[in-house]
Amino acid sequence: MSLSFRRASLASLGLAFGLSALCLSPLMAQETKPDAAAPTAAPAKPVDPNAVVATINGEKLTEADLQLAEGELSQQFAQLPPDQRRAAALSAAIEIRVMAKKAVDAGLDKDADFQRRMAFLQARALHGEVVEKEVVDKVTDAEVRARYDQEIANTPPVNEVHARHILVKTKEEAEAIIKQLDGGADFQKLANEHTNDPSGKTNGGDLGWFGPGQMVPEFDKAALALDVGKYTKEPVQTQFGWHVIKLEDKRAKQPPAFDDVKDQAKQAVIRDKYFAMVKDLRGAAKVEIPDEKLKKDVDALEGSK
């Protein structure tokens, strides 16, 4: 049985600056392959976050600032060789600082639209901090395991089957094969001789194990309805032609192992905790929306979460 976990959709703050130095650099177009003969790098030494890596117009830029730039601009650096990303991040951070100073000198930081954007970005960043500190960091292993167990318990048992088939072009060919089976012919031998399925010509038409929904509907329905050891007494038509199907075995489908889906289970716990927090905070907040239609649309959207 498969788990239907949905990943939490929590926004993260990212910088939207266009970095001219990176855009113009030919390094962005390079795909550098790792040197197989290169020696393994020694483990990195602990870095002091307050260490100064550059000074721009008397303003210190620290290791922590640089690491923040590397993280926020990681997509822009994705195609760079790893040993060049630190230098690129520092170059970008310097570029941002000097351009920001020019903006302040020009009074752009006082612009009303800029102030609104900054207020939104600050609120969005604080939103991310709350999610990280009050939701993500507080999820326990026990909660993740409990969510996994809950999903397994709530998922109806499903059978999967092991089947073989013989695929032919016409109904008449399929009926002739069924008549031979009725007379005691060996299914695997007939499959090797007659099937039009290339993969089945050497393995007796073996399809392996499959569950509901993995085959086209007509085939799925016929195969799952058979008893073990039985074959279809009437040809089964699909978009591929006419099939004669034999059921070799049937078993309950095993759920995925916890270790295989624990990340999905954790995301489900995070999602539920996040929405529970939002519900409590929204319930305690005084929110007024003068536009009646907009209010109705927002209420409908909130009710669907």
Side-chain angles (χ1 to χ4, degrees), residues 1-9 31 33 144-269 271-272 304:
M1 63 190 77
S2 60
L3 299 184
S4 57
F5 293 127
R6 294 189 304 168
R7 294 192 177 276
S9 178
E31 291 289 346
K33 296 181 179 180
V144 175
R145 181 70 201 207
R147 182 54 186 261
Y148 168 82
D149 292 339
Q150 175 189 331
E151 291 287 343
I152 296 300
N154 292 342
T155 303
V158 174
N159 282 329
E160 59 180 358
V161 297
H162 176 198
R164 298 178 184 273
H165 80 136
I166 302 171
L167 174 65
V168 292
K169 293 182 179 179
T170 68
K171 182 178 181 182
E172 291 72 23
E173 289 178 277
E175 289 175 334
I177 287 171
I178 291 173
K179 182 175 290 188
Q180 292 182 64
L181 291 170
D182 289 342
D186 182 74
F187 192 98
Q188 295 185 44
K189 182 179 179 181
L190 290 178
N192 291 338
E193 292 174 353
H194 299 286
T195 189
N196 290 325
D197 178 0
S199 64
K201 285 185 174 295
T202 57
N203 66 2
D206 194 356
L207 294 170
W209 290 93
F210 58 90
Q214 291 183 253
M215 300 292 182
V216 293
E218 303 89 348
F219 192 102
D220 205 39
K221 181 179 179 181
L224 294 172
L226 287 171
D227 291 328
V228 175
K230 302 298 182 181
Y231 55 87
T232 51
K233 295 296 185 178
E234 297 291 335
V236 178
Q237 186 180 21
T238 72
Q239 65 199 69
F240 303 105
W242 294 85
H243 307 259
V244 180
I245 307 168
K246 181 184 179 185
L247 186 67
E248 294 287 351
D249 203 356
K250 183 181 295 186
R251 68 186 181 190
K253 187 176 181 180
Q254 295 300 305
F258 173 69
D259 285 343
D260 292 338
V261 294
K262 64 181 179 182
D263 289 341
Q264 292 170 270
K266 182 175 181 178
Q267 290 297 328
V269 174
R271 181 199 65 202
D272 291 349
S304 67

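These values consider heavy atoms only, across backbone and side chains, with no hydrogens, waters or symmetry-generated copies.
In terms of heavy-atom proximity, A191 sits nearest to G205 at CB-N, 3.7 Å. The two atoms that bring A163 and I245 nearest to each other are CB-CG2, 4.3 Å, heavy atoms only. Residue L224 comes nearest to K250 through the heavy atom pair O-NZ, 3.8 Å, listed as atom of the first residue, atom of the second, then distance. The two residues L247 and A223 have their closest heavy-atom pair at CD1-O, 4.0 Å. Counting all heavy atoms, side chain and backbone alike, N159 lies closest to P212 at O-CD, 3.3 Å.
Surrounding CD of E234 are at most 12 heavy atoms belonging to other residues, nucleotides or ligands under 6.0 Å away. At most 12 non-hydrogen atoms from other residues, nucleotides or ligands lie less than 6.0 angstrom from NZ of K171.
In this structure, CD in E160 is found 10.0 Å from CG in D249, a value given to the nearest 0.5 Å. To the nearest 0.5 Å, atom CD of residue Q188 and atom CD of residue E248 are 6.0 Å apart. Rounding to the nearest 0.5 Å gives a distance of 9.5 Å between NZ of K201 and NE2 of H194. With rounding to the nearest 0.5 Å, the separation of OH in Y231 from CD1 in I177 is 12.0 Å. Between the CG atom in L181 and the NZ atom in K233 there is a gap of 8.0 Å [rounded to 0.5 Å]. Atoms CG and CH2, on N196 and W242 in that order, are 14.0 Å from each other to the nearest 0.5 Å.
Side-chain atoms of D227 never come within 3.5 Å of backbone atoms of K230 as a donor-acceptor pair (strictly under, hydrogens ignored). When atom types are taken as modelled, the side chain of Q264 and the backbone of V261 share no donor-acceptor pair closer than 3.5 angstrom. Of the possible donor and acceptor atoms, one in the side chain of R164 sits under 3.5 Å from a partner among the backbone N and O of N203. Side chain of K169 to backbone of G241: no donor-acceptor contact under 3.5 angstrom is found.
Contact check on R147 versus E151 returns a salt bridge, with a Lys/Arg side-chain nitrogen under 4.0 Å from an Asp/Glu carboxylate oxygen.
Between the side chains of D259 and Y148, no donor-acceptor pair of N or O atoms lies under 3.5 Å.
Considering only heavy atoms from C-beta on, T232 stays 4.5 Å or farther from F219 through its side chain. Side-chain contact between F258 and D149 is absent, with no heavy atoms from C-beta onward closer than 4.5 Å. At least one side-chain heavy atom of V244 sits less than 4.5 Å from a side-chain heavy atom of F187.
Aromatic ring orientation, H165 versus H243: parallel (interplanar angle below 30°, classes split at 30° and 60°).
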Exercise. Where do I166 and K246 land on the side chain to side chain contact (heavy atoms under 4.5 Å, CB included) test, with the steps shown first?
Worked result: CA-CA 9 Å; I166 302 171; K246 181 184 179 185; over 6 Å; no
